[in-house]
Colleague: 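Right, I'll just put the structure down here and ask away after.
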Amino acid sequence: GYDRAKKILTEKRAQLDTIANGLLEFETLSGEEMKGLLTGKRPVREDTSSTSASPPRGSAVPSTGQKPEPDVGGLSPNPV
C-alpha cells in the first residue's frame with residue numbers, strides 16, 4: 001500500500017501542488033473547484049471585504065445537538 005501511494009503521489013505531484021496551493025489560498029474547495037483548478041480555472045469567490053456586514057460566526061463543524069455536561073467540583077480528573 002505504501003509503495004502504491006508513493007508512486008501515485010510522485011506521478012501526480014503537479015496536481016497535488018495545484019490543489020495544495022488552492023487550499024492555501026481559499027482554505028476550502030468544493031469538488032467542482034478542485035476539478036477546475038486541475039484544468040487551469042481559478043475558483044470565483046464573492047469579495048466579502050467590501051461589505052460592512054460581518055460574516056456569520058460559529059463553528060464549521062455541525063453540532064450534535066448535545067449540551068456539554070456541567071463541570072461540578074472544579075477541575076477533573078482529580079489525581080490523588
Side-chain angles (χ1 to χ4, degrees):
Y2 172 83
D3 291 333
R4 184 170 180 227
K6 185 175 178 181
K7 180 182 178 205
I8 292 169
L9 290 172
T10 301
E11 290 173 355
K12 305 287 185 178
R13 181 60 192 242
Q15 291 94 338
L16 175 64
D17 289 340
T18 299
I19 297 295
N21 288 329
L23 288 168
L24 286 171
E25 183 174 349
F26 295 101
E27 293 186 14
T28 60
L29 294 170
S30 69
E32 290 301 315
E33 289 172 328
M34 284 189 216
K35 288 177 187 177
L37 274 174
L38 294 174
T39 61
K41 181 180 174 188
R42 287 182 42 85
V44 178
R45 300 280 174 99
E46 255 184 52
D47 183 16
T48 58
S49 62
S50 62
T51 61
S52 61
S54 61
R57 297 187 60 114
S59 175
V61 178
S63 171
T64 62
Q66 297 176 350
K67 295 184 180 189
E69 295 181 20
D71 184 17
V72 291
L75 301 174
S76 46
N78 190 4
V80 179

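Bear in mind that the values here come from a model prediction, so they are computed numbers and not experimental data. By convention here, the first residue in the shown sequence is residue 1. Side-chain atoms are counted along with the backbone in the values below, which use heavy atoms only and exclude waters and symmetry mates.
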Colleague: Enumerate the side-chain hydrogen bond (donor to acceptor under 3.5 Å, both in side chains) contacts for residues 7-25, please, sequence neighbours excluded, ordered by first and then second residue.
Modeller: Arg13-Asp17, Glu25-Arg42

Colleague: Got a sec, which hydrophobics cluster with Leu24, joining ILVMFWY side chains under 4.5 Å apart, including via others?
Modeller: none

Colleague: In the hydrophobic clustering that connects Ile, Leu, Val, Met, Phe, Trp and Tyr at side-chain heavy-atom distances below 4.5 Å, which members other than Leu37 occupy its cluster, ordered by chain and number?
Modeller: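 Taking Ile, Leu, Val, Met, Phe, Trp and Tyr as members, Leu37 shares its hydrophobic cluster with Ile19, Leu23, Phe26, Leu29, Met34, Leu38.
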
